[in-house]
Structure formats: structure tokens, C-alpha cells
Amino acid sequence: MDKPNDLMDKLVSLCKRRGFIFQSSEIYGGLNGCWDYGPLGVELKRNVKNLWWSDVVTSRDDMVGLDASVIMNPRVWEASGHVGGFADPMVDCRKCKGRFRADQLYYAVRQGQSRHGGTVSVGFSAIADKAQDALTAMELQLKKKGRQIREWSSDFEPIRYDQQQSDQTPCPVCGEQECLTAPRAFNLMLKTYMGALEDSSSLAYLRPETAQGIFCNFKNVLDTQRLKLPFGIAQVGKAFRNEINPRNYTFRSREFEQMEIEFFCHPSQADQWYKYWRQARFDWYINLGLGSQRLRLRDHDKDELAHYAANCADVEYAFPFGVSELEGIANRTDFDLKQHQECSGKDLTYYDDQTKERFLPYVIEPSAGVDRSVLAFLCEAYTEDEAPDDKGNPKKRVLMKLHPKLAPIKAAVFPLVKKDGMPEVAHKIYDDLKKRWNVFYDEKGAVGRRYRRQDEAGTPFCITVDGQTLQDQTVTIRDRDSLNQDRIGIDKIASYLSEHLGN
RNA sequence: GCGGGUGUAGCUCAGUGGUAGAGCGCAACGUUGCCAACGUUGCUGUCGUCGGUUCGAAUCCGAUCACCCGCUCCA
């Protein structure tokens, strides 16, 4: 069994070697948190996005698509809460290197008479969600320090560190005085400037999520598409976040791609639709080959829920580096539409002609990370097994067991040898298949080597033209995973692939 | 952001101050003819980057960038 990191190292190496994923701007030393998809990677990623689109948009009659701009009016991000809420000011301890959210760090200073008669002031600190919890924690501390204090002279009121700092605030972990930094904002939105002048009036943001483009177009879609509730709007697109610490290959990138659905429904139906999407999205990954042992659906605890969510579940995958989120499905209630209605001053309510009811729809949001899905599919696909070499001795083989629907190359066509008219026949087959699928032609070197190369690319089928082909117009089709070969007529190749690829 | 590690060919890595290497891969030709075959030939490098020490730096020092691990963080 590989150590977790071994598997990631091998996968990273294979992805580079075969052209799935490269580091961004590699010749300049790379760029933290940014990655490029190579010729095979872009096919895989497009397959993921196209399958998602056809499964949640074009094959349904209650879904439509959208492609909103990356840069939106900055007021959008005030309404969504990203300008204020996306930035959590952090406080660092210079001594013990601890880091705390400033809004969770409370402090209090209290005067007291010491046993020797002098007046002392003692600082307290605690990490807590509420001032009351901080007070409780500080009173415990007070009892310990109280031994040297004869009498406390003032009241005790915890103050949030981000509202008023004090040098007397000790570090809540190591207790050291005068070691905390001022709260520093980590704004997770990338800024840019629209127009030639770089001043505050031209400040704009690269969207941190695609969702707001959907909410802002809710009324447009409703007014133009003759839709009735419940219905959803789907969007695939790039989003940007200043992640404090990009890590784990493409998993936490600063530029990434999302696949998001906002499904609008009557508030009374929200829970039912939440449960529907929660299951539907989980099943989607399983059907594309993510093993159910490594995939899990985790419901958030009530105290874990964001302020806007009534319910939330994460689709999580057990990556080699840990269990991490691929997609979150949330019941966002009417929070977003309400915010935009207030901030824009535009009516975003829905009127139901039959019930004569006017209301703000509730929203179920299945929000998935494209790059995270791709990485999970790659991790799941990486396989080492043994296959016999030309002398029948078992040899290590590396293959990517990608689901055929995801495989960048659907089939490779080879002449067994580069002579006797085999290349011509093989190339004709290749030309025909290319009209319908992404297929690959290779006539160089030993056929075994060509098979193995396709194994690493995740190509599910290899079609080989041999001496017998020239006699009876049949070819062999080799299965990537089992190594089994079927012999079929050239005229049956397309239907064979169609059946086994599922399209 | 903190601490530790790593950075040399497409990949994996050797190379502790004196002419940049190996295996695999890749390309060409020939042989072979169904699973990384054999032979011959060939290609591949700002030794991550910048600066310093030195007669001389892949090697020593400093800075910086990137990746990995552990903390931290992840509306």
C-alpha cells in the first residue's frame, strides 16, 4: 500500500508526463495556486463539464443555462456579503505563532488591589463565539490569578479584539503579553481596475463564485423564458479567491472553475428539493466512477451552517491528502434574492398566477468545483497492476481507469506493424471514427509500447489492424482494464464503441 | 502566515569547490510481429531565479520563487 503522498507524487508525475496538468507559467518558476490543463487534461475537464451540463441542463425541462461575466458591478459583492464577510481579519501571536479570527478573540482588562497594596491591571483573553462565553472563560482564568489579588475593583466586560485592540491582551494560547499583531484583513476577493484610471472609483472584483451572476439574472431569466417555479439556472465558469494557503495540487487553487445550480422553488417545497438535489448530486459522482467507499455525503451540523443556510450537505472524497469537499448542496432560503432586492431596490419576487401568491423563492444551491472533481477522478483512476510482457513475465503496469465517458481519448487505432498496407487500413478507420469521437492514431514502434502509453492516458479501447484484417476485414479491440481482445468487423467498430462508451 | 523538507534532461534521481551524469522516456533507421522487445544512431540542461564568496560554484552563503509535509486557515 502506498503512503498517501506517494500516490499524489506519482499522479502529479503522470499528469505532467502525459500532458494532463502543468504548473502555470512554469518556465518563469510557476505561480502559486494556478495550474494549466494540457492536451489530455483539457479533454478530461471538458468531458466533466459537458456531462454535468447535459445531465443538469439539456436533459431536463426545469433547468436553463447562463453565462454571466466574471467582473460584475462591485455592489453585487456588497449585497452578497463578500466585501464585508469574505474578509476575516486575523490576529497572529508573534510568540507561539498561533492565528485567530479577530472577531472570535475577546479581551478584557480589570483593575485590582494586590496583596501588597498596589493597584494592578490584569489582561484576559479568550476565544469564543459570544461575549458571554468569553466572560465564562475569563472568570475561570480570574480565579487562578485571583490568588495574588486582594480585591477586584472594576467590572469585567469582554471586548472583541477587532473592535478595539489592547497591548494588554495576552495571547489566548500561550498567555504571552504584547505579542499579538493588529487584526489584518485577508480579503479573499481578487481586485482589479476597470478602465484606464486606477482609483477607488474603478475598483472591481473578479468573482469569488459564479452564483451571484445567477441571482442577478433571476428576473431576466424569469421574464424571458416563460418559466414557472420550480426551475433552476445553471452556470459553469471561472472564479477567483485569494486562498491564504493554496495546497494539495489543484485542489485549492486561486483560479478555479465552478459548476453551480441555483434551483428556485416555493419556500414550502424547499426542503423536498434540497433532499432531491442532495441525493442526485451524490449519485452523479458515483455513476461516473467515484467509488462509494471513497465518496461520502456529509450533512452539516446545525452549528456548522453558514448564516444564510437552512441546510447543507457536502459531497466529500477521500483524497490521498485527506477527506475534502467536492460539492456543497445548500438550502440558501431566500437570503440571496432578499439581499439583492434590498441592495438593488428592484422587485425580485415571483407571482404565482394560480395561487395569486407573491413571494421570494427559496433557493437550493448545488455548488461543485470542476477542478476538484477532475482531481478526484484522476486520483480514483490511478491504478498499478501487472501485465505480462512479450515473454509472458509479469510487469508493472500503470493505467488510468477513467470512466469511458470521461476518458480524454476514446480509442486509439494502430496498425500492428508499419507495413503490408496495415497503416493505410488503420488510418482509414481512424479518419472515420474521428468524425464522432476523439480518437488517436499511432503507428510508431512496438505495439505493446503503444498499448501501455494509452493505458496511462486512460484510453479505454485500442483498435489494432493486423494481418488477418487484410484477409477478412476484422480488427481486434483491446479493453484497457481487462486486456481482453474482441475481434470484430471493421463495419462494427462504431456500434461497438457507441455501446461501450455509452454515447 | 509559521516551522521543516525539496528544487539537476520530458519523468525518476546520482553528483560535497575543478570538463554536467545514469535509468526510463523521446526521435530516426533496421529487425521483429499483440502487450513498455532487440540492435544501431541521435536529441534533450539558463543545475528553480537573482545576488554574494572564490582563480573557479550544481556544490558554500544570502535573498527570492515554486512544490511537498506539519501547524494555521478555508465567507
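Because the structure is predicted, anything quoted here is derived from the model rather than measured. Residue numbers start from 1 in every chain, and the chains themselves are labelled A, B, ... in the order their sequence lines are given, proteins ahead of strands.
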When all nucleic acid strands are considered with a 4.0 Å heavy-atom cut-off, which category describes A/Gln454: base, sugar-phosphate, or nothing?
nothing

Practice prompt. Flag the pair A/Phe22 / A/Trp35 as yes when their ring centroid distance falls below 6.0 Å, and as no otherwise.
Written response: no

- At under 4.0 Å between heavy atoms, what does A/Gln485 touch on the DNA or RNA strands: base, sugar-phosphate, or nothing? base

Of the listed B/A66, B/A36, B/C11, the closest approach to the A/Ser13 side chain comes from B/C11

Regarding the side chain of A/Lys16, the nearest nucleotide among B/G10, B/A36, B/A66 is B/G10

Side-chain atoms of A/Trp35 come closest, of B/U12, B/C67, B/C73, to B/C67

note: A/Met8, atom CE; B/G70, atom P; distance rounded to Å ~ 12 Å

In this structure, CZ of A/Arg296 is separated from CZ of A/Phe282 (nearest 0.5 Å) by 9.5 Å

In Watson-Crick or G-U wobble terms, with both distances under 3.5 Å, the base opposite B/A58 is none

Atom CZ of A/Arg254 and atom P of B/G1 are separated, to the nearest Å, by 8 Å

Taking N and O atoms by type only, does the side chain of A/Tyr451 place a donor or acceptor under 3.5 Å from a partner on the base of B/C34? yes

Exercise. Would you say the side chain of A/Arg478 and the base of B/C35 hold a donor-acceptor pair, judged only by whether the two atoms sit under 3.5 Å apart?
Worked result: yes

In whole angstroms, the gap separating C1' of B/C34 from CG of A/Asp442 amounts to 14 Å

Here the distance between atom P of B/C69 and atom CZ of A/Arg252, to the nearest Å, is 12 Å

Applying the 3.5 Å cut-off to both distances, the Watson-Crick or G-U partner of B/A14 turns out to be none

Sugar-phosphate, base or nothing in reach of A/Arg480, heavy atoms under 4.0 Å
nothing

To the nearest angstrom, the CG-C1' distance between A/Asp9 and B/G7 comes to 13 Å

5'-most contact on RNA chain B (nearest-nucleotide basis), A/Lys444 vs A/Gly33, goes to A/Lys444

Side-chain atoms of A/Arg487 come closest, of B/C34, B/C29, B/A66, to B/C34

Subject >> Cationic N near anionic O, under 4.0 Å, A/Arg298 to A/Glu316 >> reply: yes

Applying the 3.5 Å cut-off to both distances, the Watson-Crick or G-U partner of B/U53 turns out to be none

Side-chain atoms of A/Asn248 come closest, of B/C29, B/A75, B/C69, to B/C69

Taking for A/Lys419 and for A/Arg449 the nucleotide of RNA chain B with the nearest heavy atom, the one nearer the 5' end belongs to A/Lys419

Closest to the side chain of A/Ala446, out of B/C35, B/C34, B/A37, is B/A37

Scan side-chain atoms only and decide if A/Glu443 and A/Tyr441 contain a donor-acceptor pair under the 3.5 Å cut-off. yes

Where do N or O atoms of nucleotides 40-49 of chain B meet protein N or O atoms at under 3.5 Å, pair by pair?
none

Looking only at B/A75, B/C34, B/A36, the nucleotide nearest the A/Asp466 side chain is B/C34

Going by distance alone, is a donor N or O of one side chain under 3.5 Å from an acceptor N or O of the other, for A/Gln212 and A/His82? no

task = Determine the Euclidean distance between corresponding P atoms of B/C11 and B/G25; express it in Å to zero decimal places.
result = 15 Å

So, are A/Asp455 and A/Arg478 salt-bridged, with charged N and O less than 4.0 Å apart? yes

Among B/G70, B/U32, B/C34, the one nearest any side-chain atom of A/Arg247 is B/G70

ask   = Salt-bridged, A/Glu386 to A/Arg397, with N to O below 4.0 Å?
value = no

Against the side chain of A/Asn245, the closest entry in B/C71, B/A37, B/C35 is B/C71

Exercise. Yes or no on side chain to side chain donor-acceptor pair (under 3.5 Å) for A/His427 and A/Asp431, after CA distance, side-chain angles and deciding distance?
Worked result: CA-CA 6 Å; A/His427 210 281; A/Asp431 286 337; 3.3 Å; yes

Checking N1-N3 plus N6-O4 or O6-N4 for Watson-Crick, or N1-O2 and O6-N3 for wobble, each under 3.5 Å, the partner of B/A36 is none

Q. Counting any heavy atom closer than 4.0 Å, what does A/Gln468 reach on the DNA or RNA strands: base, sugar-phosphate only, or nothing?
A. nothing

Hey, does A/Leu14 reach any base, or is it just sugar-phosphate, or nothing, if we go heavy atoms under 4.0 Å? nothing

To the nearest angstrom, the CG-P distance between A/Asn242 and B/G1 comes to 11 Å

In Watson-Crick or G-U wobble terms, with both distances under 3.5 Å, the base opposite B/G70 is B/C2

| message | Are more than 12 heavy atoms, taken from residues, nucleotides or ligands other than A/Lys49, located less than 6.0 Å from that residue's NZ atom? | response | yes

| query | Got a salt bridge between A/Lys45 and A/Glu257, using NZ or NE/NH1/NH2 to carboxylate O under 4.0 Å? | reply | yes

Among B/U32, B/A75, B/C34, the one nearest any side-chain atom of A/Thr476 is B/C34

